[in-house]
There are 2 protein chains.
Amino acid sequence: MNSPRPSGRPPVKARLSRDIVLAKALELVDAEGLDALTMRRLGQELGRDPMSLYRYAENRAALLDGVSELVLDQLPIHPEDPDWKAQLRSIAHNLRMLALQHPNVVPLLVTRPLSTPLGLRPLGTLRPLEQILALLAAAGFQPADALHVYRAYYGYLYGHILNELQEYVVDPEENEVLLRLGLHRLPAKEFPRLRALAPALADYDGATELDQGLTILLSGLEAQLSRQMAGSGA
Amino acid sequence: MNSPRPSGRPPVKARLSRDIVLAKALELVDAEGLDALTMRRLGQELGRDPMSLYRYAENRAALLDGVSELVLDQLPIHPEDPDWKAQLRSIAHNLRMLALQHPNVVPLLVTRPLSTPLGLRPLGTLRPLEQILALLAAAGFQPADALHVYRAYYGYLYGHILNELQEYVVDPEENEVLLRLGLHRLPAKEFPRLRALAPALADYDGATELDQGLTILLSGLEAQLSRQMAGSGA
DNA sequence: AGCGCTTGTCTACGTTGTAGACTTTACTCG
DNA sequence: CGAGTAAAGTCTACAACGTAGACAAGCGCT
């Protein structure tokens, strides 16, 4: 009966591939956090010996890099958009959404580059940088100015995302705001303002806050750069 | 001969204390990175059994929190400064310097809050927030607006620090810029702009870049808020 | 059928965090 | 001074981790 190929009590062992491995890794991280992503656990999740994973990633760190890459690859960037400010805005919102969808990956996005020199990063994680430089170049910025804009922009963007993810809610069921944020534990004399802000903290609207910051930053950058060109140029 | 108390080939075992433990932990992290901070290693460094550390920190995570706290406690904030923008600028530069002095701690600063609800964080890490709120309140901001300013400000600040630390140099001895940043490894067709920017990347002036961004952001925030007050208020 | 490369498995080692029972130290009180 | 107690430090042990290295199974060739 059991034909030799598609048989099996084990879930029909198909050949592994890097994509399959990384996809499962991301799934695991999303579901249970970074610590759950161990070689043994991932192997088990794939129905394979943990050691088989080393055919698709040099080591655990490389696996983590792969996961970062997988997420960043989902960030759409259109370097030919004639309206650079609108495009940067849209990228920002998309990255924010990605971060909210994969909050457990954010520490990776932020942390891994700190221990990897620019040139040695997974190419997928450098692509946004290159494409944003292209966008800004097409908008008429000099390379050095483009870099300047990129840094301020991406800096703010990452900062905002970190901020927003930090303020997450402990227990959404709780309807007393102080408790919902765990703020009741804070000594009232030392942290009066923070405690008083509980309601404001509780209904944080990340998207519009991000947008307002971007408005300020982008128009400010534009003004600064055009002023500077007027000063030095003709 | 050997008097019983101050004797000893072992380096005169004085009583431990939380401060001593944390200080040694920070020292170790600064010198050899986060991974070097294991319970066993820290114990060895202190001439004690690793298990003794558990009298001063519940577990390794709490130890890491303690290190964050230790660093953030070194950040001076003057909530009574009448010039709030100048004060925020000074805080920013001080935090930047702290980050440069303890680069290995930065991942902690950024990452630990992501897995700890606001109310459960080490108090030392919340103090900057409370104090900046006080600063802004003294400057006349409504609580909700103060929070708004804080978020944009701190977001940008953290983002900048992460950015700057990421662009660190692989090999300062190397005088070919492409090599110094490891950029030679990037495929030239896919990353033309990034490669071309090597010189600009190499002489990044983090302090002035931070300052310019802050100028834009802070004056933008001020303008936005006063405009909004003029609109709704009398 | 047989060769050779890729993929997956097995076994084994050193290292990690930490629970729990124990011993040593320091200090207080009679 | 000596007894008693609470704190500080130690010892032993365990489960889980990443991964090296030798090996087996599977596949596509001719």
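Residue numbering restarts at 1 for every chain, and letters A, B, ... go by the order of the sequence lines.
Results of the side chain to side chain contact (heavy atoms under 4.5 Å, CB included) test with D65(A) over R121(A), R112(A), R60(A) single out R112(A) as the only residue that passes.
Residues passing the ring pair (Phe, Tyr, Trp, His ring centres under 6.0 Å) test with Y153(B): none are found, sequence neighbours excluded. By the side chain to side chain contact (heavy atoms under 4.5 Å, CB included) test, A196(A) pairs with no residue at all, sequence neighbours left out. A search for ring pair (Phe, Tyr, Trp, His ring centres under 6.0 Å) contacts involving Y56(B) returns nothing, not counting sequence neighbours.
Between L95(A) and Y158(A), the closest heavy-atom pair is CD2-CE1, 4.2 Å. Here the closest heavy-atom approach between residue H93(A) and residue L210(A) is recorded as CD2-CD2, 4.1 Å.
Listed by residue number, there are no residues of residues 19-35 of chain A with a heavy-atom contact under 4.0 Å to DNA chain D. Within residues 53-61 of chain A, the residues approached by DNA chain C to less than 4.0 Å at the level of any non-hydrogen atom are R55(A), Y56(A), in residue-number order.
Computed from coordinates, the L37(A) CG to dG18(D) C1' distance equals 12 Å when rounded to whole Å. In this structure, R48(A) places its CZ atom 14 Å from C1' of dT6(C), rounding to the nearest Å. Atom CG in L42(A) sits about 17 Å away from atom P in dA16(D), given to the nearest Å. Straight-line distance from the CZ atom of R15(A) to the C1' atom of dG8(C): 10 Å, rounded to whole Å. Between the CE atom of M39(B) and the P atom of dT18(C) there is a distance of 6 Å, rounded to whole Å.
Taking CD1 of I132(A) as the start and CD1 of I91(A) as the end, the distance is 4.5 Å to the nearest 0.5 Å. Between atom CG of residue L88(B) and atom CG of residue L136(B) there is a gap of 5.5 Å, rounded to the nearest 0.5 Å.
Relative orientation of the Y154(B) and Y150(B) rings is parallel, given thresholds of 30° and 60° on the angle between their planes.
Heavy atoms of T38(B) sit under 4.0 angstrom from primed sugar atoms or phosphate atoms, though from no base atom.
With respect to E130(B) and R127(B), no salt bridge is recorded, no charged nitrogen being found less than 4.0 Å from a carboxylate O. A salt bridge is absent between E164(A) and R151(B); no separation between the charged side-chain nitrogens and carboxylate oxygens falls under 4.0 Å.
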Can you check nucleotides 11-15 of chain D for protein contacts, nitrogen or oxygen pairs under 3.5 Å, and list what you find?
none

